[in-house]
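First the structure, in the form of structure tokens, and then the observations on it.
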Amino acid sequence: MREAAKPAATAERASSARVLPALVLAMLAYSVIQTAVVPILPSLAKELKVSGSDITWLMTANLLSAAVLTPLLGRFGDLRGRKPMLLISLSGLVLGSGLAVATHSFTLLVVARVLQGAGGGVLPLAISIVRDELPRHKVTGGVAAISASMGVGSGLGLVATGLLLEHWDYKSIFWMGLVFGLIAVGLVVWRVPQDPVVDRAGGADPLGAIALAGWLSALLVAVSRGNEWGWTSNKTLGLFAVAAVVALIWGIVEVKVAHPLVDMKMMARPAVAFTNISGLLIGFGMYGSFLVISNFAQTPAKLAHYGFTATVLHAGVMLLPSALGSMAAAPVGALMIARRGPRLPLVLGGLLGFASMAYLAVRHSAEGDIYFASAIFGLGVGLAYAAMPAFINGAVPAEQSGIANGMNAVLRTVGGAIGTAVMGAILTGDTIKHLPIPIQLPTEQAYQHAFWVAAVMCVIAAAVPFAIRTVRPAPAPADAAVPAGAPAEPARTGA
């Protein structure tokens, strides 16, 4: 590995005021456009003249792309530089948004969503850049802000969709992604410096990349289409079997090759492995709750005797407190991490998620219940997302930061895909009979069961961090030979 010379003075390095806004906006640009299509999938099916099952490919294709490209871009960032890979990631978001604006073809719109999935690489790359570029005392807060902004953007995307559709058609959503993406590219080019560390001795591991893409694709397609095909159908079970076999092959390949895409010893470290489990569970809860709350709010109250007959905009506004809660959680999580380590915010994040979903399972008759629970859940997600990179960065060397955080982001995505599929299965499995309309509506009990499932996943996520042995680092001596503004040395967290 070659390490570039480090400037000795803080003034010669990019400050947090210069670098961090560009990285946060890049994360927001991706997370906003990822969830923006969720509330309008039924109307898009009518607009594009495709079936309700086919329109879900606009989410499935994006999740597949993000799941595969996120670790690849994170690894190539470790090998060849984070800034170039960050620009490639954002370029995929921009090109996908541009194609979505220009086309009326469903097939090309799916391709556009695949291109937008490249934006998933922003998270691990931005975290690695913060670790490299920010002064030591600002790294924790910077990482927390970027990670929590994923939850912020996801909530804002739902609100933005409703607001735009009040005045324009669905293409306005992709115009939003195009504009945000172009601004993010400009800020990254202007404000983010070239990497101080580039590992040119490593390899790219194409076989590992192909195997990773294979098992993730099989798993996510099975999960996303299980409701339509049937969970015990040959196609669904066959894809699960393929995913298991290819994942086993991938693990064997990664152990054998000289320069693996993912260091399996690194992935097996308690701080990494258990943090990834928490990421999977929190992703399940977040994406699953977005789906359930949005559908519940839009349910016609006169027919179902529950719900609020909300428009897409109104349903998005009900989820706005979630975005605000995640935003408020970033500095709080950073302060907790600096004083007590990452375990406390991760545990609190899971407990707040449990409390909010359990609350909705019991009380959901007033709009105020939704607003309150949404805010509490967003605060929990923000705390959890701020803590995960701190655990991981404390357990891996700088040259593996990108791929380690990339795999955590993948598992959040996989958890989200599983969460939406499971919630969809719960809601479609118990519907109101004899409605005067040809649309099936879930029973109120189905929503209660869905809220309880999300609550259970969150409380398990809160218990997982206790399996990680956390060692708080000793304060650096005042005369330590560390250049001013040098990147923070990570806390050791059960590596």
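Heads up: numbering here begins at 1 and tracks the sequence.
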Note to self: Using only atom types and a distance under 3.5 Å, with no angle test, would you say the side chain of S147 pairs donor to acceptor with the backbone of A144?
What the structure shows: no

Next item on the list: May I ask you to test the Y287-M423 pair for a side-chain heavy-atom distance under 4.5 Å?
Entry: no

Next item on the list: Using modelled atom types only, decide if a donor and an acceptor are shared between the side chain of S65 and the backbone of N62 within a distance under 3.5 Å.
Entry: no

Next item on the list: Spell out, as yes or no, whether a donor-acceptor pair under 3.5 Å connects the side chain of T413 to the backbone of A409.
Entry: yes

Notebook entry, point to check: Any sub-3.5 Å donor-acceptor pair from T236's side-chain atoms to S233's backbone N or O?
Noted result: no

Checklist line | Flag, side chain of T299 to backbone of N295, donor-acceptor distance under 3.5 Å | finding: yes

Item checked: Counterpart residues, ring pair (Phe, Tyr, Trp, His ring centres under 6.0 Å), relative to W215 (two or more places apart) -> W250

Item checked: D78 and Q400: side chain donor to acceptor below 3.5 Å -> no

Note to self: Holding to side chain to side chain donor-acceptor pair (under 3.5 Å), I want the full list of residues that pass it with S326, two or more places apart in sequence or in another chain.
What the structure shows: none

Next item on the list: Please identify each residue that fulfils side chain to side chain donor-acceptor pair (under 3.5 Å) with E254, with sequence neighbours left out.
Entry: none

Margin query: Holding to side chain to side chain donor-acceptor pair (under 3.5 Å), I want the full list of residues that pass it with S105, two or more places apart in sequence or in another chain.
Written below: none

Checklist line | L86: side-chain contact (heavy atoms from CB on, under 4.5 Å) partners, not counting sequence neighbours | finding: L23, L90, V122, L125, I129, V188

Margin query: If we ignore hydrogens and angles and just use 3.5 Å, is the side chain of S89 paired with the main-chain N or O of A118 as donor and acceptor?
Written below: yes

Next item on the list: Examine distances only and state if a side-chain atom of T275 and a backbone atom of A271 form a donor-acceptor pair shorter than 3.5 Å.
Entry: yes

Next item on the list: Would you indicate whether the side-chain heavy atoms of S154 and F290 approach each other to under 4.5 Å?
Entry: yes

Check: Listed by chain and number, what are the ring pair (Phe, Tyr, Trp, His ring centres under 6.0 Å) partners of F296, not counting sequence neighbours?
Finding: Y306, F308, H364, Y447

